[in-house]
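Written out below as structure tokens is the structure these notes cover.
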2 protein chains.
Amino acid sequence: MYRSPNTLWFRMPTEKCDSCPPNCCDMRGMLSFMILWLLSKKSMYGQELAKEIGKRKGTKPNPGTIYPALKELKNRGLIESNKKGRMTTYQITEEGRKGFQIADEYFFRAFGEIFQDHNLIKTSRKLGCLES
Amino acid sequence: MYRSPNTLWFRMPTEKCDSCPPNCCDMRGMLSFMILWLLSKKSMYGQELAKEIGKRKGTKPNPGTIYPALKELKNRGLIESNKKGRMTTYQITEEGRKGFQIADEYFFRAFGEIFQDHNLIKTSRKLGCLES
DNA sequence: CTTTACCTATTGCATGTCCAATATATTGGT
DNA sequence: ACCAATATATTGGACATGCAATAGGTAAAG
């Protein structure tokens with residue numbers, strides 16, 4: 001697997017990284033944000049969460065990534081867990097919903113413009129009027 | 001200034017953080033991504049970049065944050081710098097544009113849904129049909 | 001009842017992010 | 001010429017992120 005040596009940049013999903021220019025790929029953070037977002041939609045167990053995150057980030061997070069994050073969120077009262085047999089379902093708390101909303105506002109304020117740009121470019125490409 | 005002790009979460013801008021629940025606020029990463037995005041729009045000098053980032057993130061990055069990031073991007077050939085007097089203008093390279101585009105695709109794939117959710121909620125709130 | 005598979009969980013480590021403090025250089029005002 | 005303001009830049013450190021490796025518990029299959 002390609003791994004940029006010292007990076008301030010996104011780490012792309014492994015499969016896609018072959019065509020990726022060197023020194024261009026790292027991404028940290030946002031894991032708990034995504035977990036809370038997923039749990040705000042429905043309760044899930046750990047592996048289900050990992051799979052959903054993997055679908056979006058391109059790589060499924062390791063156990064050593066996902067479970068400490070869940071533990072931390074639980075310690076803060078943002079999520080709850082419910083063990084039955086070998087499965088543990090995680091669900092968001094009211095506190096967690098509040099927290100997510102605040103973080104979401106912040107995320108949007110910080111990166112919303114970039115997304116709008118992205119959509120603009122995509123749309124104009126679709127319409128074939130990229131020159132404008 | 002409030003600072004959550006051990007956080008997997010967003011760090012909110014200082015001014016807004018008073019009403020922010022404890023242990024709910026950290027954000028790392030994405031700095032270079034935002035720099036490249038800004039420079040893809042127009043060339044800027046360091047303090048101008050810092051100011052623009054501050055507008056979006058809520059806190060203006062320190063010199064010790066912004067200049068190492070610029071140096072790293074330059075080392076990778078994603079940006080170029082041009083010193084005149086005490087000012088140094090930074091501009092994106094062709095390589096940088098390519099790199100940004102790849103990262104942008106990735107970012108959108110990973111977080112696009114969250115933004116669409118955000119917009120949906122905002123719109124329905126504006127229309128007063130939040131119950132749907 | 002053993003084997004296999006799978007979910008959950010912990011530990012240790014490498015690395016990136018970002019701030020505080022500090023230093024240097026250039027410009028403008030007096 | 002001197003001082004203040006401002007831009008650029010470096011260093012050191014604190015801390016969060018996330019992976020690899022490892023281990024234990026539960027359930028299903030043979």
Side-chain angles (χ1 to χ4, degrees), chain A residues 1-14 23-35 44-54 57-76 79 81-90 110, chain B residues 1-14 23-35 44-51 53-54 57-76 79 81-90 103 110:
Chain A
M1 164 186 177
Y2 169 76
R3 196 72 161 281
S4 58
N6 173 25
T7 166
L8 292 164
W9 199 238
F10 283 167
R11 181 181 310 124
M12 298 289 289
T14 315
N23 307 326
C24 149
C25 305
D26 193 337
M27 163 167 196
R28 305 276 194 101
M30 312 289 183
L31 180 63
S32 302
F33 183 53
M34 187 170 281
I35 290 174
M44 298 180 176
Y45 51 90
Q47 284 308 303
E48 200 178 353
L49 278 166
K51 199 179 121 198
E52 289 297 322
I53 291 166
K57 289 211 181 187
T59 48
K60 189 175 160 181
N62 285 6
T65 297
I66 191 92
Y67 290 109
L70 287 169
K71 190 180 177 184
E72 196 52 39
L73 288 170
K74 190 180 167 184
N75 284 346
R76 295 201 201 135
I79 67 173
S81 66
N82 199 326
K83 183 160 183 163
K84 273 202 191 100
R86 71 175 153 174
M87 313 292 264
T88 305
T89 50
Y90 296 91
Chain B
M1 163 186 177
Y2 168 77
R3 197 73 159 280
S4 58
N6 174 26
T7 165
L8 291 164
W9 200 236
F10 284 162
R11 182 182 307 123
M12 299 288 291
T14 315
N23 306 328
C24 151
C25 306
D26 192 336
M27 164 168 193
R28 305 279 192 99
M30 311 290 184
L31 179 63
S32 303
F33 182 53
M34 187 170 282
I35 290 175
M44 298 180 174
Y45 50 90
Q47 285 309 303
E48 200 177 353
L49 278 166
K51 199 179 120 201
I53 292 167
K57 290 213 184 187
T59 48
K60 189 174 160 182
N62 285 6
T65 298
I66 191 92
Y67 291 110
L70 287 169
K71 190 181 178 185
E72 195 52 41
L73 287 170
K74 190 179 168 184
N75 285 346
R76 295 202 201 136
I79 67 173
S81 66
N82 199 326
K83 183 160 184 164
K84 272 200 189 102
R86 72 173 151 173
M87 313 292 264
T88 305
T89 48
Y90 297 91

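Below, chains carry the letters A, B, ... as their sequence lines are ordered, and counting in each starts from 1. Predicted model only: the values in this text are computed from it and were never measured.
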Query raised in the report: Nearest to the side chain of A:Pro61 - D:dA9, C:dC19, D:dC19?
Result: D:dC19

Query raised in the report: B:Ile79 CD1 to D:dT8 C1': how many Å, rounded?
Result: 13 Å

Report task. Specify the closest pair of heavy atoms between B:Ile66 and B:Ile35, including all atoms of both residues, with the distance to one decimal. Result -> CD1-CD1, 4.1 Å

Query raised in the report: Starting at CZ of A:Phe33 and ending at C1' of D:dG18, how long is that distance when rounded to a whole Å?
Result: 19 Å

Report summary line: Reading nucleotides 22-27 of chain D from 5' to 3' and marking B where a protein heavy atom lies under 4.0 Å of the base, S where only the sugar-phosphate is that close, and - otherwise, the string is ----BS

Query - Residue list, side-chain contact (heavy atoms from CB on, under 4.5 Å) with A:Lys51, at least two apart or on another chain - result: none

Requested in this report: Determine: side-chain N/O of B:Thr65 to OP1/OP2 of C:dC19, distance under 4.0 Å, yes or no.
Outcome: yes

Query - Distance, rounded to the nearest Å, where A:Leu70 contributes CG and C:dA9 contributes P - result: 8 Å

Query raised in the report: Between D:dA7 and B:Tyr45, is there an OP1 or OP2 to side-chain N/O distance shorter than 4.0 Å?
Result: no

Report task. Using a heavy-atom cut-off of under 4.0 Å over every strand shown, decide if B:Gly46 touches base, sugar-phosphate, or nothing. Result -> sugar-phosphate

Query raised in the report: Has A:Lys71 got a side-chain N or O lying under 4.0 Å from the OP1 or OP2 atom of C:dA9?
Result: no

Query - Rounded distance in Å - CG (A:Asn62) to P (D:dC19) - result: 5 Å

**Report entry** Of the listed nucleotides C:dC7, C:dT10, D:dC19, the one nearest the side chain of A:Pro68
**Finding:** C:dT10

Query raised in the report: Which atom pair, heavy atoms only, marks the closest approach of A:Pro63 to A:Pro68?
Result: O-CD, 3.5 Å

Query - Rounded distance in Å - CD1 (B:Ile53) to C1' (C:dC18) - result: 12 Å

Query raised in the report: When the distance from NZ of A:Lys57 to P of D:dT17 is rounded to whole Å, what number comes out?
Result: 10 Å

**Report entry** For B:Leu31 against B:Ala69, the heavy-atom pair lying closest together
**Finding:** CD2-CB, 3.9 Å

Query - Phosphate contact (C:dC7 OP1 or OP2) by A:Tyr90 side-chain N/O below 4.0 Å - result: no

Query raised in the report: Is the closest side-chain heavy-atom distance between B:Asn75 and B:Lys71 below 4.5 Å?
Result: yes

Requested in this report: Measure the distance from OH on B:Tyr67 to P on D:dT6 and round it to the nearest whole Å.
Outcome: 13 Å

Query raised in the report: How close do B:Thr88 and B:Ser81 get, heavy atom to heavy atom, and via which atoms?
Result: CG2-CB, 3.7 Å

Query - Separation of atom NZ in A:Lys51 from atom C1' in C:dC7, rounded to whole Å - result: 14 Å

Report summary line: On DNA chain D, more 5' by nearest nucleotide between A:Ile66 and B:Lys60 is B:Lys60

Report task. Please round to the nearest 0.5 Å and tell me the distance separating atom OH of B:Tyr45 and atom NZ of B:Lys84. Result -> 13.5 Å

